[in-house]
Number of protein chains: 2
Amino acid sequence: MTTGVLPNSSKSQLPLRETADRLREALRQRKAVVIIGSCAVDYSGRARSRLDYGGRIVLIKQDGALLIHRPYGYLPVNWQPSKCHFHVEYADGLLNLKAIRVSPPETVQMRFKGVYLFSGLDLEDEGRFSLYASELDMKKALIMQPDLIEQGLKIVSSEKRVAPGFADIYGRDRAGTSVIIEIKRDTADREAVLQLYNYVKATAGHQPLRGIIVAPALGKGCQRLLETLNLEFKQLDPHLCSEILARRQQSGRDRSIGEYL
Amino acid sequence: MTTGVLPNSSKSQLPLRETADRLREALRQRKAVVIIGSCAVDYSGRARSRLDYGGRIVLIKQDGALLIHRPYGYLPVNWQPSKCHFHVEYADGLLNLKAIRVSPPETVQMRFKGVYLFSGLDLEDEGRFSLYASELDMKKALIMQPDLIEQGLKIVSSEKRVAPGFADIYGRDRAGTSVIIEIKRDTADREAVLQLYNYVKATAGHQPLRGIIVAPALGKGCQRLLETLNLEFKQLDPHLCSEILARRQQSGRDRSIGEYL
DNA sequence: TGCTAAATCTCGAAC
DNA sequence: GTTCGAGGTTTAGCA
């Protein structure tokens with residue numbers, strides 16, 4: 001069955017009344033919808049916004065997620081996460097599309113004065129997605145091979161609850177001194193250093209306690225802050241970590257990692 | 001000129017070789033492109049990812065932003081911010097589309113084994129976007145009407161540089177005591193409290209110094225932390241702030257706000 | 001449900 | 001160019 005509709009010339013407009021009917025039916029069938037057209041948008045909920053008319057690309061996904069994109073930039077100008085309900089109406093020569101979110105209560109109201117492209121398709125997507133060189137990969141690699149940080153380091157636990165939050169890794173160095181490790185997959189900034197400092201402060205008792213930031217790089221202004229707070233930095237490349245993981249998993253020696261994660 | 005192409009029945013596929021040509025031309029003309037089809041994706045750059053074949057919606061914007069969406073969820077599964085360059089190729093019965101980012105060096109490689117919809121359109125979008133009840137609105141409202149926090153409070157400056165960053169607002173209370181104010185448009189969490197604490201700590205001299213978190217709500221576990229750190233909380237609704245702003249702007253008494261922002 | 005922190009976060013502004 | 005913090009951030013993982 002044909003669910004896609006296109007104008008026969010660029011920027012010519014589809015009849016809005018019919019498009020409204022098609023859109024309503026596509027949404028009822030939980031299809032993935034793409035609308036390109038000139039629309040204005042009002043958002044009301046946690047915040048409130050108003051967007052005047054302009055050429056936009058609107059996506060409605062099969063789980064009820066809504067994305068309204070301008071012709072530039074990564075971010076949608078308006079949106080709604082999945083589980084939205086939709087209401088379609090043709091009135092006063094406009095195609096009105098309303099997205100309603102229950103909790104928190106929010107609405108996004110679109111008014112189309114022209115639609116250049118409409119499509120409703122059933123998309124099947126069971127493809128597996130794998131991400132490598134994330135912070136999780138760094139943590140896994142460090143747990144399997146703690147000497148990536150320093151010789152003799154032993155991991156005691158990961159995601160240890162410390163008063164203000166969670167420390168990524170908690171361990172003990174060769175001398176038996178406790179070590180708290182904070183991992184960042186990007187250049188560690190001031191905030192990361194303070195985060196570690198808060199963990200160290202919250203955990204510190206009478207025994208000595210080291211705090212180490214592990215990241216591919218340290219922010220420029222952070223070097224001084226780090227020294228002031230008596231913390232340490234150890235450089236580590238996330239790509240290297242994911243390669244170490246790949247090698248270990250190939251040789252089937254990754255059974256012991258589960259107990260830490 | 002027709003730039004949109006649609007199959008004449010749902011899920012029927014467009015000829016990939018022709019689609020590759022159309023895509024290449026649309027990109028050359030800096031059009032906004034939508035491709036719906038079955039594709040696999042490899043990303044390599046700051047991190048690395050692999051996505052197996054499945055039904056996807058691909059957006060390429062006029063500034064070179066790339067979004068690859070699965071049929072569910074708010075977030076794209078793969079993406080690239082604006083300023084990408086693209087390379088199109090038809091080979092081995094596949095339509096290959098490569099997005100290249102210069103800095104940081106990253107690539108996203110898409111392999112289409114089927115395309116259900118292709119569209120390239122020139123979208124004009126000069127529409128103005130206005131956001132209300134943001135953190136900035138809260139700040140503006142507080143500057144114009146400091147007694148929203150407490151009677152007798154005077155604003156000294158906003159965005160005051162304190163050692164580790166910026167305090168939202170710096171002022172003096174009725175008794176002449178200095179006050180640092182940290183604004184959050186959402187429930188203030190532990191991190192917000194610690195952020196304010198760091199500002200207060202960095203600024204504190206011999207004189208007394210108050211720190212106040214202004215937000216619509218305070219996170220549950222934060223109440224104790226706040227007391228421990230000797231900080232204060234003042235409830236304030238961002239929607240109320242935007243209404244106050246709207247009223248003031250209507251009555252034209254907003255001339256004095258510029259000097260603070 | 002609430003809290004905690006990551007994210008290939010993006011984006012814009014300031015220095 | 002780097003740094004910094006906001007964002008209607010969203011999302012996933014846990015207690």
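In the text below, chain A, chain B and the rest are named by the order of the sequence lines, each starting its count at 1.
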Report the distance from atom CG of B/N198 to atom C1' of D/dC4, rounded to the nearest whole Å. 14 Å
Roughly how many Å is it from CG in B/D237 to P in D/dG8, rounded to a whole number? 16 Å
Using the C1' atoms only, state how far C/dA6 lies from D/dG7, rounded to an integer number of Å. 15 Å
Measure from NZ on B/K83 to P on C/dC11 and round the result to the nearest Å. 9 Å
Partner residues of A/R46 under the salt bridge (Lys or Arg N to Asp or Glu O under 4.0 Å) criterion, sequence neighbours left out: A/E106
Nearest-angstrom distance from the residue atom CG of A/D42 to P of D/dG8: 16 Å
Check ring pair (Phe, Tyr, Trp, His ring centres under 6.0 Å) between B/Y74 and all other residues, then give those that pass, not counting sequence neighbours. A/W79
Contact pattern, 5' to 3', of nucleotides 1-8 of chain C - B, S or - by protein heavy atom under 4.0 Å: --SSSSSB
Test: side-chain hydrogen bond (donor to acceptor under 3.5 Å, both in side chains). Region: residues 57-68 of chain A. Which pairs qualify, not counting sequence neighbours? A/K61-B/H69
Write down the atom of B/E135, the atom of B/K184, and the distance for their closest heavy-atom approach. OE1-CA, 4.1 Å
Please give, in whole Å, the distance from D/dA6 C1' to B/M138 CE? 13 Å
Check the distance between D/dG13's C1' and A/K140's NZ and give it to me in whole angstrom. 14 Å
Can you tell me, in whole Å, how much space there is between the P of C/dT4 and that of D/dG8? 23 Å
Residue pairs meeting salt bridge (Lys or Arg N to Asp or Glu O under 4.0 Å), one or both in residues 209-219 of chain A, sequence neighbours left out, come to A/E150-A/R210, A/D173-A/R210, A/R210-A/E232
Residues in salt bridge (Lys or Arg N to Asp or Glu O under 4.0 Å) contact with B/D189, at least two apart in sequence or another chain: none
Grab the CG-C1' distance between A/L194 and D/dC4 for me, whole Å please. 13 Å
